[in-house]
*Asks:* 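Mind having a look at this structure? Questions to follow.
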Amino acid sequence: MGGATILAVLIFLSQWLGRPQYAPLFTNVEMEEAAGVVAYLKENNVPYQLQGEGTILVPQEQVYDLRLQVAASGLLNGSGVGFELFDKTQLGMTDTQWYLNYQRALQEELRRTITQYDQIEQARVHLVIPQPSVFIKNESPAQAAVVLKLRPLATLAPEQVKSIMYLVASSVEGMKPENVRVIDTEGRVLSEGVLTNAEAGMASALTAQQQEQKRDFERQLEQRIQQKLEQILGPGNVVVMVSADLDFSRREVSRTEYGNGTVRSEQTTQEQGSGTGGALPPQVGDPNRQPPVYGAVTGTGQSNYSRDQQTRNYEVNETQEKITYPPGEVRSISTSVAVNGPLAANTVQQVENIVRTAVGYQQQRGDQISVVPMAFDRTYIQDAQAEMTRLAQESERQQRLQQYISLGVTAAVILMAFLIVFMLLRRRQPQPLLELAPSIEEMVPAEVVSPMPVAARIDDEVKRKQDQIRDIVKQHPEEAAQLVKTWLGEE
């Protein structure tokens, strides 16, 4: 009975210790690709396990070699067919069939190239390529749509989206980058406003830049207000949204002002004369001048006249001013602040005053501020905390299970060693205690031999040998198991 138990323990331990450790070969693989990989593993007699959807496990020591082999076999190129579609010549193919096959192959080749991005898990490319027409009016530009499935927590930079648009546009004759739309599986249009050169027009690029500048300005105000209010009301109790109306038009204003002039020059003319005759002398001076000056007539017919003229030239003061208004001038700012929990009226007024100061409130330009106290929904935080607690408990349980398994294996090995030693000692012929250690002086140096009783020294020697046997069993479990099998066979 004892021998059968030992044999069962040895068989269990050998199977448990000898089984291969599995590691993921590929994860999140499409069903068609997974079927091809599994067929390849079966063909090469490689043990595998399937876990979840699209996860294939193989022995850990073969993971990297198998990845290279599977990649070289072309099994992960997707379910579509690329330009290898034209490897075999098909007789009787019409022009329409050829164009359809070319479009299919080009879509697959583009998909394979786009999935080389680390952030992209899957991609689909849809091309609209018009067939050549003899009528110019019937021609339409080529268009494309690219659908991306990003990896968890991954994002694409605008430069990467733009590179995808240029890749597709450069691969199709007659296609322009602005005719390529890139979206993700969440429904977001990633290609909106990423083009910055002549293909999309300068107006589009300027609009994208203006929107980014506007959002940066709003984000800075939001952070300033939120940080200031959270120091007063506590973290997580304030939500701030700022909407700014910015004027991006570039204006130049020229203004000229004239001040009071100063006398630059002055000229005075005086003229006097006399004459005879009864006729009335002509009018002297400017006839429009009031009152007119006439010559004086005497009773004897003698006339005298005089004329005074004064001319002043003034220097006019002139001021010219040219003002250039750069784009981005603030027209108005609207701020909305939501505060957690009910607040007293005076507290709401104080919060509003703080916001007025932080945003530089100006009533004449139409700024608005709204402070609304309301109860925040904290259920998602509680759910997240509960999920984190559950995961922590699950991780702790897994660690404890691993510890228990390690302790159980260690205890089983120690027990097996003691049983082997016990069986070996039982098979030996009974000998006097002195024969177990025939020469104490040979086993123990003479300088450490003490006058302790001989039986105690023999017990120590037996324990030491048992420890040695236990170490041998730990280091060579297979040889120990073979020894037990041989012993059982002899019985």
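Since this is a predicted model, take the numbers as computed values, not measurements.
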*Asks:* Holding to side chain to side chain donor-acceptor pair (under 3.5 Å), I want the full list of residues that pass it with N179, two or more places apart in sequence or in another chain.
*Replies:* none
*Asks:* Can you find a heavy atom in the side chain of L233 that is under 4.5 Å from one in the side chain of N340?
*Replies:* no
*Asks:* Side chains of V238 and I232: does their closest heavy-atom pair fall under 4.5 Å?
*Replies:* no
*Asks:* Any side-chain donor-acceptor pair under 3.5 Å between Q349 and N353?
*Replies:*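 Side-chain D/A pair, Q349 to N353: present.
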*Asks:* Would you indicate whether E192, at its atom CD, is surrounded by more than 12 heavy atoms from other residues, nucleotides or ligands within a distance under 6.0 Å?
*Replies:* no
*Asks:* Which residues pass the side chain to side chain donor-acceptor pair (under 3.5 Å) test with D216, not counting sequence neighbours?
*Replies:*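 Applying side chain to side chain donor-acceptor pair (under 3.5 Å) to D216 gives R219.
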*Asks:* Is it true that atom CD of E394 has more than 12 heavy atoms of other residues, nucleotides or ligands lying nearer than 6.0 Å?
*Replies:* yes
*Asks:* For residues 327-338, which side-chain donor-acceptor pairs fall under 3.5 Å, sequence neighbours excluded?
*Replies:*
from, atom 1, to, atom 2, distance (Å)
E329, OE1, R251, NH2, 3.2
R331, NH2, D247, OD1, 2.9

*Asks:* How would you list all residue pairs meeting salt bridge (Lys or Arg N to Asp or Glu O under 4.0 Å) that involve residues 340-361, not counting sequence neighbours?
*Replies:* E352-R356
*Asks:* Just to verify, what does K214 make a side chain to side chain donor-acceptor pair (under 3.5 Å) with, not counting sequence neighbours?
*Replies:*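 In terms of side chain to side chain donor-acceptor pair (under 3.5 Å), with neighbours along the sequence ignored, K214 is linked to E218.
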*Asks:* OG/S243 to CZ/R215 distance, rounded to the nearest 0.5 angstrom?
*Replies:* 9.5 Å
*Asks:* Counting only heavy atoms not in Q398, do more than 12 sit closer than 6.0 Å to its CD atom?
*Replies:*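 Counting neighbours around CD of Q398, more than 12 heavy atoms of other residues, nucleotides or ligands fall under 6.0 Å, so yes.
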*Asks:* Output all residues satisfying side chain to side chain donor-acceptor pair (under 3.5 Å) with Q310, sequence neighbours left out; order by chain, then residue number.
*Replies:* E266
*Asks:* Is it true that the side chains of Q227 and Q231 contain a donor and an acceptor less than 3.5 Å apart?
*Replies:*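 No, Q231 and Q227 have no side-chain donor paired with an acceptor closer than 3.5 Å.
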*Asks:* Rounded to the nearest 0.5 Å, what separates atom CG in D184 from atom OG1 in T155?
*Replies:* 11.0 Å
*Asks:* So, do V38 and K42 sit near enough that their side-chain heavy atoms are less than 4.5 Å apart?
*Replies:*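 The answer is yes, as the side chains (C-beta and beyond) meet within the 4.5 Å cut-off.
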*Asks:* Does F376 CZ have over 12 foreign heavy atoms under 6.0 Å away?
*Replies:* yes
